[in-house]
Amino acid sequence: MALATKAVPHLMTLADLSPGQIQRILAHSYHLKRTAQPWLAPVQSKSGNQAKLKLRMPSQSLFSKTVALLFSKRSTRTRVSAETAASLLGGQALFLGKEDIQIGVNETVRDSARVIGGLCEGIFARVGDHSEIEELARYSPVPVLNALSSLWHPTQVLADLLTLQEHAHLFDPAAPPPPNADDLTSQRYRRLVDVRPLTVAYLGDSANVLHDMLVTYPRLGHQLRVASPENAKYRAPKEVWDRVVQLGCDKNIHWTADPRDAVKGADLVVTDTWISMGQEAEKAQRLKDFEGYQVTEKLCREGGANPDWKFMHCLPRKQDEVDDEVFYGPRSLAFPVSDNRKWTIMAMFDLLFGKWSLLERTKEAAEGPSA
Ligand SMILES: NC(=O)OP(=O)(O)O
């Protein structure tokens, strides 16, 4: 168990962070990416190996430490990012699937939190109902980070934001270009730049990824235009909307049932699966309810999106919500986003599990939100 005297920090949603703290995580993710990437390049010669010896090490704040990956649901990106990120930080990740351990079957969440937190230095948890991760955090002696719950998916939205900032030049020709091949192997890099304020359209179900967008994008200066069917089950639940209003984000969110209305003026179009894990029995009804919501060139042209609009998806993707032309086409940032899951999770592990400094107040945070 961590021998620390200050209150244990946890992170359930980006709503718990100020814009300054979010920007600090993004800048740190970019720094870790640029520092660690040259170490990952193949060693092709003796001189190449010697060049590596001159490289700076990324933070080793997890040296000798273990992060428990307490996952009760499937995962590709989040799990692989977590395991590889822990290794780069000098520590290890321990995958604990729901079939592997006693939690929820022979042991309560409360007791499991105390036991696992006594043996590991951080808990990255993917749960069903959000109340499960709240309970873990209540009883864990070490920090708990949300790897996805019924309400929130904070590490996904951090990867989305890092990708937008890295691709600022796609939205503003005056923004600096991305790093070239030499920059990527030499630890030489420019600072991460801000992306200009964007109009962002989201088409689909009101699920955990959108919820973290709702409490974050408006505070970073972006406008959100959301389309989901009229049915209340496809709209943000009260506990999410209360946070949206509390943070003043609702003023910059336009919500409609018409996907063409939502993409009007959009610089970026985002979607997610219409059938989340656990909703498989509702598939037929959901496919019917979301008819007309598939992201296509035609829909975005007819709705009046910015002709240079770009596309993002958290993955895994199905053809229902976006066609192949968009998903595999030049507008798509889906795979750069999945690459960035590793670097944003690495930053969170470093700041939350390694250093316990994530929630420290930045100068900006102390002065209040800027947007
Ligand atoms: N986007 C996302 O969370 O992917 P996984 O479910 O594969 O981790």
Side-chain angles (χ1 to χ4, degrees), residues 11-14 25-26 29 33 67-88 93-100 122-130 132-133 144-164 166 200 202-217 240 268-280 283 286 295 310-322 326-328 332-349 352:
L11 201 280
M12 303 289 118
T13 161
L14 299 181
I25 295 165
L26 298 176
S29 305
K33 178 176 182 175
V67 175
L69 307 186
L70 202 57
F71 279 36
S72 69
K73 291 186 157 191
R74 284 187 305 276
S75 168
T76 298
R77 282 141 288 273
T78 314
R79 176 180 175 176
V80 175
S81 298
E83 296 200 16
T84 53
S87 155
L88 280 168
L94 186 63
F95 186 78
L96 304 171
K98 71 172 176 188
E99 303 300 328
D100 304 323
I123 298 177
F124 191 35
R126 173 166 285 204
V127 300
D129 194 81
H130 185 71
E132 292 168 40
I133 196 164
V144 176
L145 172 60
N146 186 356
L148 179 148
S149 70
S150 57
L151 292 186
W152 308 105
H153 198 356
T155 62
Q156 176 64 52
V157 172
L158 288 172
D160 296 348
L161 291 169
L162 176 62
T163 307
L164 289 179
E166 282 183 325
V200 180
Y202 177 96
L203 310 189
D205 194 8
S206 186
N208 41 33
V209 173
L210 174 64
H211 298 164
D212 259 302
M213 291 173 69
L214 294 173
V215 293
T216 304
Y217 277 62
V240 169
L268 177 71
V269 180
V270 184
T271 188
D272 190 357
T273 183
W274 299 338
I275 303 136
S276 293
M277 287 180 275
Q279 295 172 336
E280 291 78 6
K283 182 173 178 181
R286 284 176 167 265
V295 179
K310 300 292 177 276
F311 173 76
M312 281 198 327
H313 192 304
C314 61
L315 308 180
R317 166 258 180 176
K318 298 181 193 67
Q319 268 191 345
D320 303 323
E321 65 265 8
V322 55
V326 171
F327 183 72
Y328 292 113
S332 179
L333 295 170
F335 292 111
V337 167
S338 69
D339 294 342
N340 277 336
R341 296 300 308 283
K342 179 189 191 105
W343 308 112
T344 42
I345 286 173
M346 186 175 174
M348 294 296 283
F349 281 13
L352 189 65

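As the structure lists them, so they are numbered: ligands from 1, and atoms in each ligand from 1. All values below come from the heavy atoms of this structure, side chains included, with hydrogens, waters and symmetry mates left out.
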For Phe335 and Phe327, what are the C-alpha separation, side-chain angles and deciding distance, and is it a ring pair (Phe, Tyr, Trp, His ring centres under 6.0 Å)? CA-CA 10 Å; Phe335 292 111; Phe327 183 72; 5.6 Å; yes
Counting only heavy atoms and a distance below 4.0 Å, can you name the residues contacting ligand 1? Ser75, Thr76, Arg77, Thr78, Arg126, His153, Gln156, Cys314, Leu315, Arg341
Would you sort out whether Arg79 and Glu83 count as a salt bridge (charged side-chain N to carboxylate O under 4.0 Å, His left out), showing the intermediate values? CA-CA 6 Å; Arg79 176 180 175 176; Glu83 296 200 16; 2.9 Å; yes
Between Arg317 and Thr273: side-chain donor-acceptor atoms closer than 3.5 Å: no
Residues at least two apart in sequence or cross-chain that pass salt bridge (Lys or Arg N to Asp or Glu O under 4.0 Å) with Lys33, listed by chain then number, are Glu166
Closest contact, heavy atoms only, Pro316 versus Glu321: O-OE2, 4.3 Å
Between Asp205 and Arg286, does the salt bridge (charged side-chain N to carboxylate O under 4.0 Å, His left out) criterion hold? Intermediate values first, please. CA-CA 9 Å; Asp205 194 8; Arg286 284 176 167 265; 2.9 Å; yes
